[in-house]
Every structure is written in structure tokens, then in C-alpha cells.
Amino acid sequence: MVVSKQDIYQITVPTPFPVGDVHMYLLTGDVLTLIDTGVKTKEAWEALNDQLKSIGYSVHDIEQVVLTHHHPDHIGLIDQLPKVQQIAAHAYIDPWLTRDQVFFEQYELFYEHFFKRCGVPDDVRDSLNGYRGMIHYIGTGEVTYELTDGDFLPGHAEWQVIDTKGHAQSHLSFFNKKHGTFIGGDHLLYHISPNPLLEPIDQVERAKPLLQYQANLRKCLSLGIKNVLPGHGPIFSNISSHITKQLNEQEERATVVYKMIQQKPRTPFEICQKLFPTQYRTQLVFTMSETVGQLDYLEADDKVKVSEENGVLVYHIKKGLGQSKF
Ligand SMILES: [Zn+2]
């Protein structure tokens, strides 16, 4: 009986983004798979080639790519791997790789309309450049094998797909139950708390990414994870204390927002300006995602309610909670 031996190698390449280096993982098995493909820069390409060489491989050996999510630091070099037969990922990654113009137009319209409802003034919304500023860091291709929660990775039967939406609507992680190893993309990071980003899920609906992210953090508590191989930062264990700390810190951030609404009803943009007095001008999607996330959390917790006044959302304290436990 042939017992296949599986090895995992971590490959680290630089990015031009504030997050710093990004990790990919080379997985041996029935096929040679690269999980994530870094960012599309010359520096990342050279680092990938050098590190593959140091472990006895080359880019010509990689047969399959598996992706954790669609952000540009994770899908960059995908079109520079000449022997790749299959790209396995969440379906939401496909429009990014294929440059689906209809998808991009709807994606940009979503932010335009939703931020208007959040009270973001025209001159601030004008600074939105959607996906366009990032597209040259992203490779081209097509998802040829769609992954969903509970699937096993093709060619790696011990690795199960875990839906970890929140940071991105395409986010998947990969878990080897036998070894307790979790390849977590940006879902579980040791040194930073991933920003659950607002994204449309279709033409009219948006996801509630902070709620998704928290539910998927709690799900991770029960999987039996021993080691996390993350997309950024150190490999780590001690999962339950890490997740508990993240959930507590988030509760503290929600308390700050609750107190603002206790003073007076406010629009999401008014809250965003108070939380991020300067950053909102240059990082509107990040800062509004954080703000709306806290509002979704407080609303789900029955602490606040929302009304619409002249087409703009306004958050109020729920009656009877003026002297809440906060
Ligand atoms: Zn990342």
C-alpha cells in the first residue's frame, strides 16, 4: 500500500501594501498545489522563484492553485505559473480573475449607492476608486473548480474547505483534521485583527461582514485547530485565547459606537468621522466597513435601531436602553 506523504512549505513574498509580507503555502500530495499566489510585482515573482528553488521545486512544477480570497495580495501571480491545470476557489473570485466588467460596474455602484444612504457627502464619495487602483496587482485567469464549505481539496483528500466569510465574501480556509492544521488566509491572523470589508453579495443586497466574521471565528473554536498557517505574520497556536481576545476587543469597539449614539442619533458617516477623523478621507471603504460593522453588531444585539430620513440611515438607541449595561 502506498502511503502518500504530505508536506507543507511556507513561501513568503513582499507586498507594496501596509500589511507587509504575504505567505503562500506549497502543498504536496496527488498534485502539487500552491495555496494563494502573492501580489503581481517583480519582487514577489523573484521571491517566489528563489524560495521554490531552495526547496527543490520550480514554478513549472505547480499543477494546481487554490485561493483563500480575492484580495490583490493573494491572487497576483496566478497567470505566471505555466503548468497550472486547475484553479480551485470560491466562485466570488472568478469575476476578479476574468475582469468581469458588468460585475465591476455593479460593485462600484453598490458603494456609490450604499455610502450615499450612509450620509457620505458627494465630495468624499468622489474619492472612491473601487477596484481600479488595485487591478494591476491581480493576475488573470478563471476559477475552474468551484469550492464550497465542506468540500475536500482536489488531490489533497485530508484537507477540508471551511467557509470563513467576513474579511472577504470569497474567503475560504483549509483544515487538516488529522493534524489540526488550519491554512487560514486572512481569517485568523496573530498580530492584527482582519477588517471585515463591506461588499455586495448581489445587485441590491450587502453582506454583514462583521457578523459573518464573528460567527466564523466561533466556528473555528470547535474545529480542533492546533496550528494556524496564516496569510500574514507568525504561525501560531492557542486558538481559543486568541479568538476570545478578538471577540472581547470587538465588543469594546462596539461600546464606543453605542456611547456616541447614546449622545444623539447619528448617521453611519457621522460615526465614521468621529472614529476616524482623518483616515476616512483616504480609506473610505476600510473606515466605513469598520463603522457599519459595529452598527450591524449593535443592531443584531438589539441595542440600536435604524430609521431612514430623507434617504439617509440614522441610528438610534433602542427605547428602554438609555441606561444600558454599557
Ligand atoms: Zn491579505
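In this chain, numbering begins with 1 at the start of the sequence shown. Both ligands and their constituent atoms are indexed starting at 1 by order of listing.
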In the protein, N/O/S atoms that are found under 2.8 Å from the Zn ion (ligand 1), waters not counted: D73 OD2, H74 NE2, D186 OD2, H232 NE2
Do the rings of H74 and H232 sit parallel, tilted or perpendicular, given the 30° and 60° boundaries? perpendicular
Name all residues meeting the ring-ring contact (aromatic ring centres under 6.0 Å, His included) criterion together with H187; count only those two or more places apart in sequence or in a different chain, and write none if there are none. Y213
Count the heavy atoms of every other residue, nucleotide or ligand shown that sit under 6.0 Å from CD of Q85, and state whether that count exceeds 12. no
Short N-O contact, K116 and E112, less than 4.0 angstrom: no
With sequence neighbours excluded, give me every side chain to side chain donor-acceptor pair (under 3.5 Å) pair touching residues 304-314. R117-E308, S307-E309, S307-H316
Y137: partners by ring-ring contact (aromatic ring centres under 6.0 Å, His included), with sequence neighbours left out: F17
